[in-house]
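Report on the following structure.
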Amino acid sequence: MSPLIEVTKKDVVSETWEEPFYLNMGPQHPSTHGVLRIVLHLEGETIVDCDPIVGYLHRGVEKLGENLNYNQAIILSDRLDYIASVANNTAFALAFEKIFNLKVPRRAQLLRTIVCEMARICNHLLWLATHALDIGAMTVFLYCFRDREWLLNVFEKICGARLTHSYVRVGGVRLDFTSEIIDELYKFTEEFPNRILDYETLIDVNRIWLKRTKGIAVVSAEEAINLGLTGPCLRGSGVPYDVRKFRPYDAYEEVSFIVPTGKNGDTYDRYRVRMEELRQANSIIRQCLDKLPETEGQPVVADNAPDLLIPEKRKSAVALPHPKKGYFFKAKEEDVVPPGEAFASIESPKGELAVYVVSDGSNKPWRLRIRTPSFVHISAIPDLTRGHLIADLVAIIGTLDVVLGDSDR
Amino acid sequence: MEELLQELQEKFSTVILTVETAKKDLPTLICKREGFLEFIKYLKEEKGFDYLIDLCGVDYLNYKYKNFEERFEVVYHLYSIPNKHFLRIKVRISESDCWQYSVTPLYKTANWFERECYDMFGIRFKGHPDLRRVLMPPDWEGYPLRKDYPLFLEPEKDWEPYKELVEKYQKERGS
C-alpha cells in the first residue's frame, strides 16, 4: 500500500462520485485501546484497505536498555505491556539469566509461574471487559473489573505495586510469599471458576454477541502462522503452538494443563480460547500453590545473582613475583558477564514475547531486542479487516488484544 | 537437528559461512547475503520453518570481541512448529553497502520487522513492498539504534505544517 498522503487523488474518471474515500480513525479513539491510528480506505461502509500507524507511544525502551544495567532494564520492561507486567519481567529475566549463567531456585520458579498466571488472568479479564464494552455489552465490564481488582490487591500484597510490579529479578524473585497471600490465593482459586461461569452466562449465547463475533476476521492456520500471530489468536485458528509446551521455562514442565484450540479461527473462537485459558491458568496457580510447601524455607534468589547495582568492571588480584621481597598484587580487570548472546521467549498473555540480548562483557546489554506480540498483531490488521465493515474493525482490534505500550516500546 | 545442520551445510556450502553450535543457546548459522533468499525459501518450503519469530538488526560498531569486518548484522530467528526446530541465522552487512534482501514475500510478519529495522538502523530491504519508518515520525533524521547516535534530548523543531501555515498567514497579511 502506498503512503496515504494524496487523499483526493482521482483514480477513475466518471460522472458519478468515484474518488476513494479515506477516513482517519484515532489516535484519540476510545476503541483503539490507546493511541493507535488507522487510516481507512472505504467503499461505502466496507473497508477496502487500511494502514495502521503506530509510534505515538514510542519511548525508545531498546535504546534506554542499552544505556542502563541489566537490573535497571527490568524496570523498563514494566512499561511495555502494563497490564501483565510480571510476564515482561520474566521474559527479560530469563534472557539475562542465560547471559549470566544462573540457575534459578525451584521456589522462585514456582512463584514466577504463579505470578505469570495471575498476570494472564488479569490480562484476559481486562481484555474481556474492554472487548465486550466495544461490542456493546456493558455489564461484563463491571463484573470483570470487580475480579481483576481482587487480583490486583493480591499483587499489592506480594510486591507493593498494582500495575508496574518489577517483582521478578535476575536470578529469582524479589520477595517470598507470606502465608496470608497463599491463603488469599487459595480462596481466589476456589471462587474464580464460578466467576468464569458468570461471564459465560452473560455473553456465551447472547444473540448480539454471536452476531458480532461469529465469522468475523477468519484466519486460516497457515495464514495465521505466516502473519506471525501468536497466543490465543493463533490457537483460535487451531494451531496448538504454546511456548509453555514447546519450549518450557520456569515450572511449566511440572504442572499439567491443556492448550485450548479453536476450529474456525474467527473472533468467537478466540474468545472461547481465552475463556478456557482462564480456567487453565486458575488450575496452574492451584497446582503451584500445592507444590509450595515442599520448598518452604528455600531461597527465592540464586546465590550468585548480581547485585542491583552491577559494577562496570570486576577487579581481581593477580599475584606477581616481586623483584626484592616475595610477591606483589596487581589489579586485573575482568568482564562482569561473559560476552555472548541469548534468546528467551515466553508465552505472555497476548502472545509470544521474545527478548534477544547481546552482551559485550560490561554491565550493560550491548543490544536489547524485544519482540512484542502487539506489534506483530497490529501489523496483521490490514489482512484481517479487508472486506469487513467499520463496526467490525472495532471487534477486530479488540480480538487481537493489542496494547500500544507493548507495540511502540 | 544435527543431521539437518549437516544437510544444510552440504547443500548450501556457498551460502553458509560458518555454523556455531558450541557455547550457544541456539544453533547459529552465519550466511552470505548472496543466495540468502534461495536458502530461506528452501528452509520454509522443504524443511518446515514456517514461523519467523523475530527479525532484528544489531550494530557492532567498536564491539570489543568483534571478529569480522562488517558493521551490522541482521538476525533471524526461525522456528518450525511441526518439527520443533529452532535456528538463528545471521547476515552481516557493511555500512557502505547497507542493504539486505527482504523476506516479506515469504513471511508476511517480516513486513513490519523490516520496516522497524530500516527505521532504527537504516538498513534497506530490497524487494520490500512499502519501506518507510514505522515507530519514528516520517521526517525523522538519523537512525536511533545505531551506536553512534547520541543519547540526549532532541532540540525541538518547528512542525512543518505549522510553519507553512504561519508563513502563509504572514504572506497574506503582508499583501
Side-chain angles (χ1 to χ4, degrees), chain A residues 1-3 5 51-58 60 62-64 66-67 95 98-99 221-230 234 239-241 246-247 335 338-345 352 354-356 358-362 366-367 369-371 375-376 378-380 382-383 407-409, chain B residues 20 23-26 28 44 49-66 73 75 77 79-82 84 86 88 90 104 106-117 119-121 129-138 140 144-147 149-151:
Chain A
M1 194 177 163
S2 59
I5 300 165
D51 183 21
I53 294 165
V54 296
Y56 292 94
L57 209 59
H58 181 58
E62 289 178 8
K63 184 83 178 173
L64 282 172
E66 286 168 16
N67 290 280
K98 276 189 188 169
I99 289 273
E222 293 87 52
E223 178 84 359
I225 295 173
N226 205 325
L227 281 172
L229 300 183
T230 43
L234 179 61
V239 185
Y241 175 70
F246 277 60
R247 299 190 294 280
D335 285 341
E341 55 197 346
F343 179 89
S345 65
E352 182 167 0
V355 178
Y356 173 61
V358 180
S359 142
D360 68 333
S362 75
W366 178 263
R367 171 86 169 99
R369 157 79 187 167
I370 312 152
R371 183 255 194 223
F375 185 74
V376 184
I378 291 177
S379 76
D383 284 293
S407 132
D408 292 358
R409 277 156 286 155
Chain B
E20 293 171 5
K23 285 188 183 178
K24 294 269 178 191
D25 54 340
L26 297 174
T28 307
K44 194 199 169 197
F49 282 89
D50 46 0
Y51 171 33
L52 176 73
I53 295 186
D54 193 12
L55 187 163
C56 69
V58 184
D59 184 0
Y60 281 104
L61 181 72
N62 303 330
Y63 184 70
K64 224 176 10 178
Y65 298 94
K66 191 166 151 181
E73 241 176 25
V75 185
H77 286 95
Y79 193 72
S80 151
I81 292 179
K84 300 195 182 181
F86 204 163
R88 177 187 292 146
K90 292 177 172 182
T104 310
L106 293 167
Y107 301 96
K108 281 185 191 170
T109 164
N111 186 336
W112 277 35
F113 284 149
E114 281 169 358
R115 275 176 70 185
E116 195 198 345
C117 193
D119 191 357
M120 295 298 169
F121 292 95
D130 178 23
L131 198 66
R132 56 198 159 109
R133 286 185 181 269
V134 59
L135 288 175
M136 305 303 283
W140 195 263
L145 274 183
R146 284 189 176 189
K147 284 287 169 186
Y149 189 91
L151 188 77

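Sequence lines set the chain letters: A, B, ... in the order given, protein chains first and strands last, and positions in each chain run from 1. Any value given below was found using the heavy atoms of this structure, including those in side chains, with hydrogens, waters and symmetry copies removed.
- Summarising the geometry of A/Pro339 relative to A/Asp360, their closest heavy-atom pair is CB-C, 4.2 Å, with the distance given to 0.1 Å.
- Contacts of B/Asp59 with chain A are made by backbone atoms alone, with heavy-atom separations under 4.5 Å and no side-chain atom involved.
- If you measure heavy-atom distances from B/Ile81 to chain A, the contacts under 4.5 Å come from both the backbone and the side chain.
- Only the side chain of A/Val376 comes within contact range of chain B, with heavy atoms under 4.5 Å apart.
- The greatest number of non-hydrogen atom pairs below 4.5 Å with chain B, out of A/His58, A/Arg409, A/Arg369, A/Lys63, is found for A/Arg369.
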Checking ring-ring contact (aromatic ring centres under 6.0 Å, His included) for the pair B/Tyr79/B/Phe49: CA distance, chi angles, key distance, verdict?
CA-CA 5 Å; B/Tyr79 193 72; B/Phe49 282 89; 8.1 Å; no
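- With a threshold of 4.5 angstrom between heavy atoms, B/Arg133 does not approach chain A through any atom at all.
- Residue contact with chain A, scored on non-hydrogen atoms closer than 4.5 Å, involves the side chain of B/Asp25 exclusively.
- Side chains of B/Glu114 and B/Thr104: a donor on one and an acceptor on the other come within 3.5 Å.
- Using a 4.5 Å cut-off between heavy atoms, A/Glu62 contacts chain B through both its backbone and its side chain.
- Of all the listed residues (A/Ser359, A/Ala380, A/Ala344), the one sharing the greatest number of non-hydrogen pairs under 4.5 Å with chain B is A/Ser359.
- Counting heavy atoms from C-beta on, the side chains of B/Leu135 and A/Phe375 come closer than 4.5 Å.
- Counting heavy atoms from C-beta on, the side chains of A/Arg247 and A/Ser345 come closer than 4.5 Å.
- Ring geometry, A/Tyr356 versus B/His77: the interplanar angle exceeds 60°, so the pair is classed perpendicular (tilted spans 30 to 60°).
- Contact of A/Phe343 with chain B is made through backbone and side chain together, with heavy-atom distances under 4.5 Å.
- With contacts defined as side-chain heavy-atom distances shorter than 4.5 Å, the pair A/Ser379/A/Leu227 does not qualify.
- Proximity to chain B is absent for every atom of A/Pro240, based on heavy atoms less than 4.5 angstrom apart.
- Using a 4.5 Å cut-off between heavy atoms, B/Leu131 does not touch chain A at all.
- Across all non-hydrogen atoms, the minimal contact from A/Thr230 to A/Arg371 is OG1-NH1, 3.8 Å.
- Chain B forms the most heavy-atom pairs under 4.5 Å with one residue out of A/Gly228, A/Ser407, A/Gly361, A/Ser362, and that residue is A/Gly228.
- At least one side-chain heavy atom of B/Leu52 sits less than 4.5 Å from a side-chain heavy atom of B/Thr109.
- B/Tyr107 touches chain A through backbone and side chain together, each having a heavy atom under 4.5 Å away.
- Both the backbone and the side chain of B/Tyr60 come within contact range of chain A, with heavy atoms under 4.5 Å apart.
- Residue A/Glu66 touches chain B through its side chain alone, counting heavy-atom pairs closer than 4.5 Å.
- Among the candidates B/Lys44, B/Met120, B/Arg115, B/Glu116, the residue making the largest number of heavy-atom pairs closer than 4.5 Å to chain A is B/Glu116.
- Stacking of B/Lys147 on the aromatic ring of A/Trp366 is recorded, both the 6.0 Å distance cut-off and the 45° axial limit being met.
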